[in-house]
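Computed over heavy atoms, backbone and side chain alike; hydrogens, waters and symmetry mates excluded. Chain letters run A, B, ... following the sequence lines, proteins first, then strands; residues in each count from 1.
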Amino acid sequence: MSKPSLARGTRDFGPDQMVKRTFIFDTIRRTFQRYGFQPLETPAIENLSVLMGKYGDEGDQLLFKILNSGNYNEKLTGQDWQLDPKQLTTKISEKGLRYDLTVPFARYVVMNRGTLTMPFKRYQLQPVWRADRPQKGRYREFYQCDADVVGTDSLLCEAEIVMMLHTILHELGITDFTIKINNRKILTGIAEAIGAAGQEGPLCVAVDKLDKIGKDKVLAELHERGFSEENTFSLEPMFDLASEAAPFAQLREWLAGSETALKGIDELEQVWRMVEGFGLQNARTQLDVTLARGLSYYTGAIFEVKVNNVQIGSISGGGRYDNLTGTFGVPGLSGVGISLGVDRIYDVMEELDLFPKDQTITTRVMLTNFDAQAANYGLGVLYRLRQAGLNAEMYPDSVKLKKQLDYADRKQIPFVILIGSEEMASGRLTLKNMRTGEQQTGTLEELTAIIQA
RNA sequence: GAGAUUGUAGCUCAGUUGGUUAGAGCGCCAGAUUGUGGUUCUGGAGGUCGCGGGUUCGAGACCCGUCUUUCUCCCCA
């Protein structure tokens with residue numbers, strides 16, 4: 001017998017934590033629904049053929065793979081055991097745990113495209129798993145809350161994502177945040193403009209670190225990655241863009257030579273206009289041309305949400321992908337979506353002390369249990385309390401009152417109804433206010449009214 | 001995947017250059033109080049020192065491996 005333990009990077013959530021997590025889930029779900037999104041759930045387990053190759057080489061490595069059931073080694077030859085682990089994996093595992101919610105969504109859309117009302121708007125609140133090395137704000141099992149629209153190119157979707165993020169964060173009490181927005185087409189245009197067309201991948205990896213390591217080190221890294229002095233010299237205008245929230249004019253001037261970039265700039269400006277059209281006050285949006293994110297499938301807008309002055313990664317990310325369903329044989333379906341990380345939001349709110357107080361009280365009133373006869377009398381009372389809409393429970397054992405009150409105290413139950421021989425004889429029950437310690441007697445109706453107040 | 005770091009009671013932590021029976025606070029249980037919680041007092045239970053090996057007369061402490069925690073890189077929610 002060994003002591004039980006949790007698998008690395010996983011956590012239990014006790015009642016106190018669940019109350020807080022539920023608050024986050026409810027807020028997000030409510031907002032998604034308000035914008036017309038419909039719920040979807042997909043299995044935790046997907047075929048590896050669905051998951052592999054969608055997240056890049058690193059992603060494939062971070063996938064949790066499930067060993068085939070039964071005698072998984074039955075069909076292996078001696079030679080197979082000499083294969084490198086990657087190839088061996090394909091022979092002994094054909095299922096894995098989902099890595100995000102976007103790819104399973106794309107699979108679902110492809111499999112059900114005949115029956116879906118297009119454009120299809122779905123939200124999905126489920127855990128995902130990554131075989132990452134855990135650290136602050138990074139877990140191996142965590143919840144994502146996704147909202148995606150598939151089947152339309154309309155930039156209204158992008159604007160609504162901006163609106164939803166504002167609403168959700170506002171309702172959670174997170175006020176000091178920044179929604180960074182970029183467009184993949186601008187990144188492509190920058191690569192063209194500096195004479196390194198098609199090199200936006202390595203360009204972004206380096207430029208993405210700007211606020212972390214500074215301009216000089218970014219330039220050094222670019223040179224290391226094969227960019228010439230000429231390339232990086234043309235990049236100079238980019239470092240001057242950070243001052244404004246939406247420097248469209250400067251961008252147009254700099255990238256005038258790239259049609260792709262101009263299209264991206266147009267798209268973003270339209271999104272900005274629409275957000276203004278919604279009448280949103282104090283928008284926390286910022287155009288950030290250094291924002292890159294998962295380049296593997298984003299083609300248009302790119303989003304990322306950072307909470308300011310909190311040392312944690314982004315709490316949300318998303319973007320537009322023109323051809324995600326293409327890998328499942330259905331090209332031409334454009335989608336755009338956002339994903340919120342509940343676990344990081346939780347950490348942020350805990351650090352900033354933003355959770356509403358008094359959310360831990362789950363039971364409103366407890367009935368004591370003096371003896372079998374009193375408990376039996378209490379059953380009817382208990383039923384009526386619950387019918388009155390009150391969270392009520394009876395202490396299950398006839399033990400000394402001290403113990404029962406101690407239980408109520410520790411569960412922070414605000415009211416206790418005592419029922420003993422006196423109460424049964426008179427029909428007037430004793431109500432104890434656990435906060436003040438005061439007691440009074442009254443009929444069940446009278447007491448119920450007090451408890452409900 | 002690379003580098004660093006952590007692990008002693010339910011929790012937070014002491015534990016000297018390696019030396020007898022590993023401690024404290026809080027919490028928990030019981031009683032003081034057989035119909036009254038939070039305060040107080042008295043008593044009590046609870047540890048294979050993460051796990052496995054090694055060095056030593058002797059290891060919680062030293063060495064190796066492993067798991068785990070936290071952090072950096074990479075990447076990400």
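Electrostatic pairing of Lys411(A) and Glu393(A) counts as a salt bridge here, judged by a charged N lying under 4.0 Å from a carboxylate O. By the 4.0 Å N-to-carboxylate-O rule, Asp343(A) lies too far from Arg138(A) to be salt-bridged with it. The pair Lys185(A)-Glu267(A) counts as a salt bridge, with a side-chain nitrogen and a carboxylate oxygen less than 4.0 angstrom apart. Under 4.0 Å is where a charged nitrogen must lie from a carboxylate oxygen, and between Glu438(A) and Lys432(A) no such pair does. With respect to the salt-bridge test (charged N to carboxylate O, under 4.0 angstrom), the residues Arg29(A) and Asp26(A) qualify.
Within residues 444-453 of chain A, no residue has any heavy atom closer than 4.0 Å to RNA chain B. At a non-hydrogen distance threshold of 4.0 Å, Gly420(A), Ser421(A), Glu422(A), Glu423(A) from residues 420-431 of chain A come into contact with RNA chain B.
When heavy atoms are screened at a 4.0 angstrom cut-off, Gly9(A) is found touching the sugar-phosphate backbone but no base atom. Residue Gly59(A) is out of contact with every strand shown, counting any heavy-atom pair closer than 4.0 Å. Using a 4.0 Å heavy-atom distance criterion, Arg140(A) is classed as making no nucleic acid contact. Residue contacts shown for Tyr407(A) are absent, as no nucleic acid heavy atom lies under 4.0 Å away. Using a 4.0 Å heavy-atom cutoff across all strands shown, Arg410(A) reaches sugar-phosphate atoms only and no base atom. Contact annotation for Lys400(A): backbone-only contact, meaning every heavy-atom pair under 4.0 Å involves sugar-phosphate atoms and none involves a base. No contact: Gln404(A) has no heavy atom under 4.0 Å from any strand. Residue Ile315(A) is classed as a sugar-phosphate contact, given heavy-atom separations below 4.0 Å to backbone atoms only.
Put simply, OH on Tyr139(A) is 14 Å from C1' on C71(B), counting in whole angstrom units. Between Tyr55(A) atom OH and A77(B) atom P the separation is 11 Å, expressed in whole Å. If you measure from atom CZ of Arg133(A) to atom P of A77(B), you get 20 Å, rounded to the nearest angstrom. Taking atom CG on Asp132(A) and atom C1' on C74(B), their separation rounds to 9 Å, with Å as the unit. Here A77(B) presents its P atom at 15 Å from CD of Gln124(A), a figure rounded to the nearest Å. For the pair Leu165(A) CG and A77(B) P, the computed distance is 13 Å after rounding to whole Å. If you take CG of Asn369(A) and P of U36(B), they are 16 Å apart, rounded to a whole angstrom. If you take NZ of Lys402(A) and P of G31(B), they are 9 Å apart, rounded to a whole angstrom.
No donor-acceptor contact under 3.5 Å links the side chain of Arg130(A) to the base of C76(B). One cannot find a donor-acceptor pair under 3.5 Å joining the base of G37(B) and the side-chain atoms of Asp406(A).
For G60(B), there is no paired nucleotide, since no Watson-Crick or G-U wobble pair has both relevant distances below 3.5 Å. Across all strands shown, U69(B) forms no Watson-Crick or G-U wobble pair with both key distances under 3.5 Å.
Dashed line: the shortest gap from a side-chain N or O of Lys403(A) to OP1 or OP2 of C29(B) is not under 4.0 Å. For the OP1/OP2 pair of C67(B) and a distance below 4.0 Å, the side-chain nitrogens and oxygens of Arg8(A) include no atom meeting the criterion. Under 4.0 angstrom from either OP1 or OP2 of U72(B) there lies at least one side-chain N or O belonging to Gln135(A).
Rounded to whole Å, the separation between the C1' atoms of G52(B) and U12(B) comes to 28 Å. On the P atoms, C63(B) is 11 Å away from G18(B), given to the nearest whole Å. Taking atom P in both U16(B) and C29(B), one finds a spacing of 33 Å when rounded to whole Å. Rounded to a whole angstrom, the distance from the P atom of U48(B) to that of U6(B) is 24 Å. Between the C1' atoms of U69(B) and C51(B), the separation comes to 15 Å (whole Å). Taking atom C1' on both nucleotides, U20(B) is separated from G15(B) by 15 Å, rounded to a whole Å.
Checking side-chain atoms of Glu423(A) against main-chain N and O of Gly420(A) turns up a donor-acceptor pair under 3.5 Å. Distance alone, capped at 3.5 Å, places no donor-acceptor pair between the Glu46(A) side chain and the Lys95(A) backbone.
Of the listed nucleotides (C75(B), G37(B), U36(B)), U36(B) has the atom at the smallest distance from the side chain of Leu418(A). Picking from U36(B), G38(B), C71(B) the nucleotide with the shortest atom distance to the side chain of Leu405(A) gives U36(B). If you check C76(B), U36(B), G1(B) against the side chain of Leu401(A), the one that comes closest is U36(B). In this structure, of U69(B), G37(B), A77(B), it is A77(B) that holds the atom nearest to the side chain of Ser339(A). Distance from the side chain of Glu58(A) is smallest for C75(B) among the nucleotides C75(B), C76(B), C71(B).
Relative to the six-membered ring of Tyr298(A), Arg320(A) misses at least one condition, a distance below 6.0 Å or an angle of at most 45° to the axis.
Annotation: His166(A) is in aromatic contact with Phe177(A) [ring centroid separation under 6.0 Å].
Residue Leu125(A) holds its CG atom at 8.5 Å from CD of Glu41(A), rounded to the nearest 0.5 Å.
In this structure, Tyr99(A) and Tyr55(A) have tilted ring planes: the angle between them lies in the 30° to 60° band. Between Tyr123(A) and Phe32(A), the ring planes lie tilted relative to each other; the angle falls in the 30° to 60° range.
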Q | Intermediate values then yes/no, salt bridge (charged side-chain N to carboxylate O under 4.0 Å, His left out), Arg384(A) and Glu445(A) | A | CA-CA 9 Å; Arg384(A) 287 164 67 188; Glu445(A) 287 69 30; 2.4 Å; yes
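With the nearest nucleotide of RNA chain B identified for both Glu304(A) and Lys432(A), Lys432(A) has the one nearer the 5' end.
By the 5.5 Å and 30° criteria, Phe142(A) is stacked with the base of A77(B).
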